[in-house]
Amino acid sequence: MRILTGLQASGKLHVGNYFGAMKPAVELQQQGEGFYFIADYHAMTSRHDAVALKENIREVAIDFLACGLDPEKSVFFRQSAVPEVNELAWILSTVCPMPLLAKCHSYKDKVSQGISPNHALYAYPVLMAADILLYDSQKVPVGKDQKQHLEVTRSLATKLNEAYGEGTAVMPEAIIKEETELIIGLDGRKMSKSYDNTLPIFGEEKQLRKLVMKIVTDSTPVEDPKPTENSTIIALYQLFASEADLASMISDHQRGGCGYGDFKKRLADAYWDYFSEMRKRREEIIKDPGYVDQVLTNGANRAREEAAKVLGRIRRAVGLA
Ligand code: ADP
Ligand code: TRP
């Protein structure tokens, strides 16, 4: 089984990325061959800063490895190290109806946040479809925000097969875990780099604890019972805490007598402890600067081999070869 996912190189990875995409991807390494990549071409659709891009690519690589991506089991590479993906994106563009892209929420959201409405941003889902179809991917672990992009990918696979024969493209399937499909951020909205409401996976302890203290709560007095429904603190705490600790957090809310400051401190402790092993691994990885480059070079070679095979098949099917 071929599993594939991509993470944009657009800033520090956060708890939403971890539970929505990285953790499932790491777990699926036991069940098949993972193809995991850093979506650097995609990152260029919303920001034009060469220095930041280079830095972010490296950060994402280090963080994903620290979080359990095993380069012995999975193929880890940069999207741009396999330029064949652009050719497949072009082929898919030729069967992609404009209205399919016109209805994509992600484009509209990004433009409403002030990102320039360039062609690449509009065609983003076509490149994403190419990422997936280029490796005959079967399972694609992602968060809920990517569901529509997976639907576009499936439509394009169908169109290609209708135009050029069954088997030209392999039909992929999204893996979206209900419990972690949408992790909420400090302000109660979806956790996202673009809302500046994230809990990063890695960082300085003091800063990370400060972020937890920024969580928006209501003004229930310390003595009174606190609502447990729609509580950002509880929603985040359940990701990190044991069942017993979660149960006492909930009963302490219901009973009253504990303040939000205390709850946030418990959350900050659990969040900090949860990533401690990964933090240690990260320290090790950073000590050997050549290691990450080596992993990405090996990954790119393996990914290109596979891409050449699949693209060869598609080129023959469409009459280019
Ligand atoms: P961001 O929204 O912060 O820019 P990306 O778009 O780079 O994050 O997302 C990378 C992966 O992480 C995708 O699979 C996406 O669905 C997942 N993801 C991002 N934010 C969340 C979230 N808040 N909850 C669940 N999954 C998320
Ligand atoms: N669009 C994805 C995101 O913003 C990143 C991505 C690019 C991706 N290509 C992909 C995810 C292919 C899964 C499969 O998170």
Side-chain angles (χ1 to χ4, degrees), residues 2-26 28 34-47 53 56-57 59-60 63-64 67 69 75 77-80 82 85-86 88-89 92 104-107 109-110 113 115 120-121 123-154 156-157 172-201 232 235-236 239 303 307:
R2 172 69 42 81
I3 307 132
L4 172 138
T5 201
L7 293 176
Q8 276 197 79
S10 54
K12 274 194 187 317
L13 294 179
H14 55 75
V15 164
N17 299 139
Y18 180 74
F19 287 98
M22 298 160 77
K23 186 167 182 270
V26 166
L28 281 165
F35 269 55
Y36 301 139
F37 67 95
I38 305 167
D40 45 8
Y41 283 142
H42 274 118
M44 294 173 71
T45 58
S46 43
R47 193 171 167 200
L53 179 63
N56 285 334
I57 291 168
E59 288 285 314
V60 171
D63 289 1
F64 209 162
C67 286
L69 189 156
V75 179
F77 60 102
R78 290 168 51 167
Q79 182 184 32
S80 64
V82 190
V85 75
N86 292 302
L88 183 54
L92 293 173
C104 285
H105 313 299
S106 154
Y107 174 79
D109 290 350
K110 286 178 180 165
Q113 284 159 34
I115 295 174
L121 191 66
Y124 184 115
V126 181
L127 180 60
M128 181 157 161
D131 289 328
I132 296 170
L133 301 180
L134 186 59
Y135 304 100
D136 284 346
S137 313
Q138 291 154 292
K139 308 271 176 196
V140 185
V142 282
K144 191 180 168 192
D145 58 330
Q146 298 301 315
K147 191 169 175 218
Q148 194 180 32
H149 290 158
L150 261 296
E151 284 161 9
V152 170
T153 303
R154 289 171 59 90
L156 296 183
E173 189 193 324
I175 304 281
I176 300 174
K177 288 197 168 182
E178 211 181 307
E179 325 81 77
T180 50
E181 64 178 18
L182 207 167
I183 307 297
I184 58 171
L186 303 176
D187 56 1
R189 293 188 291 169
K190 177 205 153 190
M191 186 179 290
S192 171
K193 275 162 253 166
S194 32
Y195 296 150
D196 198 18
N197 66 354
T198 69
L199 287 179
I201 301 172
T232 304
L236 290 169
L239 299 169

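Order of listing sets the numbers, starting from 1, for every ligand and every atom in it. Predicted model only: the values in this text are computed from it and were never measured.
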**OP:** Quick one: closest heavy-atom pair of A89 and A130, and the distance?
**Re:** N-CB, 3.6 Å
Element-labelled atoms of ligand 2 that are located less than 4.0 Å from some non-hydrogen atom of [X]:
X	value
V140	13 (C), 14 (C)
Q8	4 (O)
D131	7 (C), 9 (N), 10 (C), 12 (C)

How close does the nearest protein non-hydrogen atom get to [atom], and which residue and atom is it?
atom	value
atom 5 (C) of ligand 2	G6 O, 3.5 Å
atom 3 (C) of ligand 2	Q146 NE2, 3.3 Å
atom 1 (N) of ligand 2	Y124 OH, 2.7 Å
atom 7 (C) of ligand 2	H42 ND1, 3.3 Å

Original post:
Are any of the heavy atoms in M22 under 4.0 Å away from ligand 1?
Top reply: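 No; M22 lies far enough from ligand 1 that no heavy-atom distance drops under 4.0 Å.
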**OP:** Answer with yes or no whether T5 contacts ligand 1, where contact means a heavy atom under 4.0 Å from a ligand atom.
**Re:** no
Out of [options], who is nearest to [atom] when you count heavy atoms only?
atom	options	answer
atom 6 (O) of ligand 1	K23, Q8, E181	Q8
atom 27 (C) of ligand 1	G11, G16, A25, A39	G16
atom 16 (O) of ligand 1	N17, V140, V142, D145	D145

**OP:** Please say whether more than 12 non-hydrogen atoms of neighbouring residues, nucleotides or ligands are located less than 6.0 Å from CD in E178.
**Re:**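 It does not: E178 CD has 12 such atoms or fewer within range.
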Original post:
Crowded around K193 NZ? As in, over 12 foreign heavy atoms under 6.0 Å?
Top reply: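 Counting neighbours around NZ of K193, more than 12 heavy atoms of other residues, nucleotides or ligands fall under 6.0 Å, so yes.
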**OP:** Please determine if A21 has a nitrogen or oxygen closer than 3.5 Å to a nitrogen or oxygen of ligand 1.
**Re:** no
Original post:
Can F77 and Y135 be said to form a ring-ring contact (aromatic ring centres under 6.0 Å, His included), step by step?
Top reply: CA-CA 13 Å; F77 60 102; Y135 304 100; 5.4 Å; yes
